[in-house]
Amino acid sequence: MYIRNNLRWRLIWKGAWRNILIFTLYSLLVCIIYGPIDFHSLAIPWQPVATLGIAVSFYIGFKNSGSYDRFWEGRQIWGGIVNASRTWAIQALEFVTSVVDAPGVEAPAASAAELTDRHRCLVYRHVAWCNALRLQLRRQPELWDTEVAPFLQPEESEKMRRFRNPPAQLLRQQAADLRILREERGLLNDFQHVTMMNSLEQLYTLQGGCERIKNTPFPRQYAFFSYVFVWLFAALLPLGLIGEFAHMGPDHIWLTVPFSVLVSWVFNTIEVVGHTSENPFENQMNDVPMTALCRSIEIDLREMLGETDIPPKLEPINDILY
């Protein structure tokens, strides 16, 4: 996610120079054919071009609105993951206590060391889930050893990475541990068990929302024809402008180049902005900063555990927060 209020001009130029070069060369070619070569039949009436421009502007506006909705939904889902993560950590720390509170369960009171291990296991596995979900959405399984494995036991890490959907299986393991805490150790009563299971259900819902966005691409008919219509308009634009400038005098036809390039660049930029917002989980400049959010979750949860050796918050790289 780009964090500066204004885009740096070098960044704008980096993404625009190829198209600007194409628009410039094409407009110059039109002017040369119309002027020095004296082929005036190249010009077309301005009114159809203007009508097409209005239609294209409405079309790409509709497409960009849909693209932004996908990004914003993805950001809202990850905001929900942040809040649900804190809730899960609080429940793990405050519900799982040394008091044997389950009717019919006869078990010795848990020691301080056991409680610490239980808390750490539930919290660390959740951090692993956040990172595993991020890697799955970005198709980065090669980062498992550095991003997920440190929060799991080695045997559990190897087991989970073999599943097709590791995040779902991690939540399943959380549920299995809750059952053990309830039925075998008596460290959860019925109310606490149900409450924590509801938290897992919420996490499954949030994961499903991410998977829905990731696995349902933006409708190609909107994305593709938006691209086609913008370039069709850019191709007709200098043909419509040159006749208008010719009415001002033969030397004015060269004004077609800057005005055509400017208008074409504006339309193309609007189309590109919508295109880059279609898939918010691709680790690109305008995507949801899942890495930074996962680090924030890790910091909050490890501080709740009382740890002090905590990694710092991630800083932007070239004004981009990943």
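Just so we're clear, the structure is a prediction, and the values are computed from it rather than from any experiment.
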Within one Ile-Leu-Val-Met-Phe-Trp-Tyr cluster: [X] and [Y], side-chain cutoff 4.5 Å:
{"X": "Val56", "Y": "Val273", "result": "no"}
{"X": "Ile180", "Y": "Met160", "result": "no"}
{"X": "Leu314", "Y": "Tyr322", "result": "no"}
{"X": "Leu122", "Y": "Phe191", "result": "no"}
{"X": "Leu21", "Y": "Val30", "result": "yes"}

With heavy-atom distances below 4.5 Å as the criterion, would you say the side chains of [X] and [Y] are in contact?
{"X": "Val288", "Y": "Phe71", "value": "yes"}
{"X": "Arg125", "Y": "Glu156", "value": "yes"}
{"X": "Asn19", "Y": "Thr269", "value": "no"}
{"X": "Leu293", "Y": "Arg75", "value": "yes"}
{"X": "Leu133", "Y": "Ile81", "value": "yes"}
{"X": "Leu93", "Y": "Leu305", "value": "yes"}
{"X": "Pro166", "Y": "Gln136", "value": "yes"}
{"X": "Leu152", "Y": "Trp144", "value": "yes"}

Does any donor atom in the side chain of [X] or [Y] lie under 3.5 Å from an acceptor atom in the other side chain?
{"X": "Gln207", "Y": "Trp129", "answer": "yes"}
{"X": "Thr276", "Y": "Gln284", "answer": "no"}
{"X": "Asn165", "Y": "Glu211", "answer": "yes"}
{"X": "Asp117", "Y": "His119", "answer": "no"}

How close do [X] and [Y] get, counting heavy atoms only, and between which atoms?
{"X": "Cys210", "Y": "Ile77", "result": "SG-CG2, 3.4 Å"}
{"X": "His126", "Y": "Ser85", "result": "NE2-OG, 2.6 Å"}
{"X": "Glu271", "Y": "Asn64", "result": "O-OD1, 4.5 Å"}
{"X": "Leu188", "Y": "Arg182", "result": "O-CD, 3.0 Å"}
{"X": "Arg295", "Y": "Pro312", "result": "NH1-O, 2.7 Å"}
{"X": "Gln192", "Y": "Leu187", "result": "OE1-O, 4.1 Å"}

Any chance [atom1] of [X] has more than 12 other-residue heavy atoms, nucleotides or ligands included, within less than 6.0 Å?
{"X": "Phe163", "atom1": "CZ", "result": "yes"}
{"X": "Tyr204", "atom1": "OH", "result": "yes"}
{"X": "Asn318", "atom1": "CG", "result": "no"}
{"X": "Tyr222", "atom1": "OH", "result": "no"}

Exam field: side chain [X] to backbone [Y], donor-acceptor pair closer than 3.5 Å:
{"X": "Ser57", "Y": "Ile54", "value": "yes"}
{"X": "Thr216", "Y": "Ile213", "value": "no"}
{"X": "Ser67", "Y": "Lys63", "value": "yes"}
{"X": "Thr146", "Y": "Leu143", "value": "yes"}
{"X": "Arg162", "Y": "Glu158", "value": "yes"}
{"X": "Arg70", "Y": "Asn279", "value": "no"}
{"X": "Arg118", "Y": "Ala113", "value": "no"}

*Tell me, with the steps shown, if Leu42 and Ile242 meet side chain to side chain contact (heavy atoms under 4.5 Å, CB included).*
CA-CA 9 Å; Leu42 187 69; Ile242 197 166; 5.7 Å; no
*Output all residues satisfying ring-ring contact (aromatic ring centres under 6.0 Å, His included) with Phe233, sequence neighbours left out; order by chain, then residue number.*
Phe267
*Mind checking ring-ring contact (aromatic ring centres under 6.0 Å, His included) for Phe225 and listing every partner two or more places apart, or none if nothing turns up?*
Phe229
*Please walk me through it: do Lys159 and Gln169 pass side chain to side chain contact (heavy atoms under 4.5 Å, CB included)?*
CA-CA 10 Å; Lys159 176 184 176 181; Gln169 297 301 325; over 6 Å; no
*Arg138/Asp287 salt bridge by N-O under 4.0 Å criterion*: no
*asked:* Using the rule given for side chain to side chain donor-acceptor pair (under 3.5 Å), can you reason through Gln91 versus Ser199, listing the C-alpha separation, both sets of side-chain angles and the distance that settles it, and then say yes or no?
replied: CA-CA 9 Å; Gln91 292 172 347; Ser199 296; 2.7 Å; yes
To the closest 0.5 Å, what do you measure between [atom1] ([X]) and [atom2] ([Y])?
{"X": "Met196", "Y": "Asp177", "atom1": "CE", "atom2": "CG", "result": "10.0 Å"}
{"X": "Cys130", "Y": "Leu135", "atom1": "SG", "atom2": "CG", "result": "11.5 Å"}
{"X": "Leu206", "Y": "Trp78", "atom1": "CG", "atom2": "CH2", "result": "9.5 Å"}
{"X": "Ile320", "Y": "Glu315", "atom1": "CD1", "atom2": "CD", "result": "14.5 Å"}
{"X": "Arg86", "Y": "Asp300", "atom1": "CZ", "atom2": "CG", "result": "4.5 Å"}
{"X": "Leu237", "Y": "Leu52", "atom1": "CG", "atom2": "CG", "result": "9.5 Å"}

*Please work out whether the ring planes of Tyr68 and Trp72 are parallel, tilted or perpendicular, with thresholds of 30° and 60°.*
parallel
*Kindly determine whether Ile90 and Phe95 satisfy side chain to side chain contact (heavy atoms under 4.5 Å, CB included), including the steps that lead there.*
CA-CA 8 Å; Ile90 291 174; Phe95 285 178; over 6 Å; no
*Test Leu200 against Trp88 for side chain to side chain contact (heavy atoms under 4.5 Å, CB included), laying out the working first.*
CA-CA 8 Å; Leu200 291 181; Trp88 172 262; 3.6 Å; yes
*asked:* As a test of understanding, state which of Phe259, Trp231, Trp265 forms a ring pair (Phe, Tyr, Trp, His ring centres under 6.0 Å) with Phe23.
replied: Trp231
_salt bridge (charged side-chain N to carboxylate O under 4.0 Å, His left out) evaluation trace for Glu282 with Arg139_ = CA-CA 8 Å; Glu282 299 299 320; Arg139 304 289 192 261; over 6 Å; no
*Verify the ring-centre separation between Phe245 and Trp46: is it less than 6.0 angstrom?*
no
